[in-house]
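One structure below.
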Amino acid sequence: MAYGAAMSEAAVDLPDERDAIRRALIEWYEDDHREYPWRETDDPYAILVSEVMSQQTQLDRVVDAWDDFLERWPTVGDLAATDRSDVVAFWSAHSLGYNNRAKYLHEAATQVVEEYDGEFPESPDGLSELMGVGPYTANAVASFAFNNGDAVVDTNVKRVLYRAFSIPDEDAAFEDVANALMPDGESRVWNNAIMELGGVACEKTPRCDEVGCPWREWCDAYETGDFTAPDVPTQPSFEGSRRQMRGRVIGALKEHENLTLDELGPKVRVDYAPEGEYGREWLRNLLEDLADDGLVEIEERSDQPIARLR
DNA sequence: TTCCGGTAAG
DNA sequence: CTTACCGGAA
């Protein structure tokens with residue numbers, strides 16, 4: 001065990017303790033946990049949709065969007081057959097942010113249909129081939145759809161392991177320990193349980209006693225009172241950001257379909273002025289980036305370019 | 001104003 | 001390796 005020295009010895013070095021730790025978490029999860037509709041299905045397509053939405057949005061806000069999405073595109077074939085711009089427009093209308101992810105999801109659906117004969121791969125490695133599916137999502141879908149994943153390592157899991165077993169803040173260490181802890185062949189319940197623990201008990205502000213954390217007797221942080229969490233990179237404010245302006249462009253084009261620069265500009269910035277600092281040149285630049293991302297298309301006209309969703 | 005976060009791309 | 005990407009809630 002490469003990180004044994006840094007870990008409380010109870011966690012992995014002593015098999016009896018490790019089994020008790022495993023049982024305690026699974027019992028705690030099965031006794032009571034939040035209900036989400038995607039926890040009621042093993043359809044990999046439905047689960048992928050929920051995971052992509054959950055990457056960016058608090059779970060409670062995902063439920064309605066997930067229901068609507070699956071009602072509109074019930075199968076991976078339905079999604080692959082639709083226009084990408086419809087998916088981006090849906091994403092924007094449901095305030096899901098990160099329009100790129102709508103594009104990735106549509107692309108992934110196309111891959112499943114064209115390259116996998118409509119059947120999802122069942123292994124993490126296979127799932128990783130799909131656009132927008134990284135290590136976390138691959139293991140999540142493999143686990144929840146097929147009970148066939150490795151341990152998921154998201155920021156919740158990192159925070160739990162860092163606190164409970166003093167795991168160093170290094171990706172390889174988290175991955176090793178997470179996998180050592182997970183019982184063989186139980187990725188579905190285990191990954192649900194450990195993320196639930198991070199989500200409702202081991203939050204930034206911990207609630208160990210309130211929710212009856214099952215790991216209190218083994219937890220380093222509970223013993224020492226030091227609930228420091230791994231650093232998460234802080235990000236620049238959203239207000240006035242380029243991301244906000246991109247979102248406004250998508251929103252305006254969803255509503256109007258075709259717009260010239262000067263029609264679009266005022267819908268993006270109230271201070272838009274064709275020749276100003278935030279004018280045609282600035283907007284053109286923003287649109288070029290969106291076009292490079294495949295979200296928008298620009299049609300050159302003799303007078304002014306026209307933009308539309310792609 | 002800060003928090004929240006997995007993936008792709010440079 | 002770093003950076004861009006979204007919007008709603010606390």
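Every chain is numbered from 1 and lettered A, B, ... according to where its sequence line falls, protein lines coming before strand lines.
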Review point. Taking for each residue the nucleotide of DNA chain B with the nearest heavy atom, is it A:Y104 or A:Q58 whose nucleotide lies nearer the 5' end?
Key: A:Q58
What is the separation between atom [atom1] on [X] and atom [atom2] on [N], rounded to the nearest whole Å?
X: A:M53; N: C:dC6; atom1: CE; atom2: P; value: 16 Å
X: A:D289; N: B:dA8; atom1: CG; atom2: C1'; value: 14 Å
X: A:N100; N: C:dT3; atom1: CG; atom2: C1'; value: 14 Å
X: A:E129; N: B:dA8; atom1: CD; atom2: P; value: 11 Å
X: A:W91; N: C:dG7; atom1: CH2; atom2: C1'; value: 13 Å
X: A:R61; N: C:dC6; atom1: CZ; atom2: P; value: 15 Å
X: A:L59; N: C:dA9; atom1: CG; atom2: C1'; value: 14 Å
X: A:R243; N: C:dG8; atom1: CZ; atom2: P; value: 13 Å

**Study point:** Proximal nucleotide (of C:dG8, B:dC3, B:dT7) relative to the A:P135 side chain
**Key:**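 Taking heavy atoms from C-beta onward, the closest nucleotide is B:dT7.
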**Study point:** Nearest to side-chain heavy atoms of A:M131, which nucleotide of B:dT7, C:dC5, B:dA8
**Key:** B:dA8
Exercise for review: Would you indicate whether A:Q244, at its atom CD, is surrounded by more than 12 heavy atoms from other residues, nucleotides or ligands within a distance under 6.0 Å?
Suggested key: yes
Check your understanding: Is A:E257 atom CD crowded by more than 12 heavy atoms from other residues, nucleotides or ligands, each under 6.0 Å away?
Key ->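 Not buried by this count: 12 neighbours or fewer within 6.0 Å.
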Review point. Under 4.0 Å between a side-chain N or O of A:K204 and OP1 or OP2 of B:dC4?
Key: yes
Exercise for review: Output yes when at least one side-chain N/O atom of A:R246 is less than 4.0 Å from OP1 or OP2 of C:dC6, else no.
Suggested key: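 Checking A:R246 against C:dC6: at least one side-chain N or O falls below 4.0 Å of OP1 or OP2.
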Point to revise | Derivation and outcome, side-chain hydrogen bond (donor to acceptor under 3.5 Å, both in side chains), residues A:R61 and A:Q58 | key: CA-CA 6 Å; A:R61 288 199 292 131; A:Q58 284 81 356; 3.0 Å; yes
Practice item. Please determine, by modelled atom types, if A:E277 and A:W282 share a side-chain donor-acceptor pair under 3.5 angstrom. Key: no
Review point. Does the side chain of A:Y136 come under 3.5 Å of the side chain of A:E51 through a donor N or O and an acceptor N or O?
Key: yes
Exercise for review: Give the ring-plane orientation class for A:F90 versus A:F69, where under 30° counts as parallel, over 60° as perpendicular and anything between as tilted.
Suggested key: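 Ring orientation, 0 to 90° scale: perpendicular.
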Check your understanding: B:dG6 base to A:R101 side chain: any donor-acceptor pair below 3.5 Å?
Key ->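 Pair found.
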Counting the atoms with a prime plus P, OP1 and OP2 as sugar-phosphate, which does [X] contact under 4.0 Å by heavy atoms, base, sugar-phosphate, or nothing?
X: A:Y136; answer: sugar-phosphate
X: A:D293; answer: nothing
X: A:V52; answer: nothing

Check your understanding: Residues from residues 137-156 of chain A sitting under 4.0 Å of DNA chain B, heavy atoms only?
Key -> A:T137, A:D154, A:T155, A:N156
Check your understanding: Are A:W190 and A:Y29 an aromatic pair by the rule of ring centers under 6.0 Å?
Key ->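 Not close enough - the centres of the two rings lie 6.0 Å or further apart.
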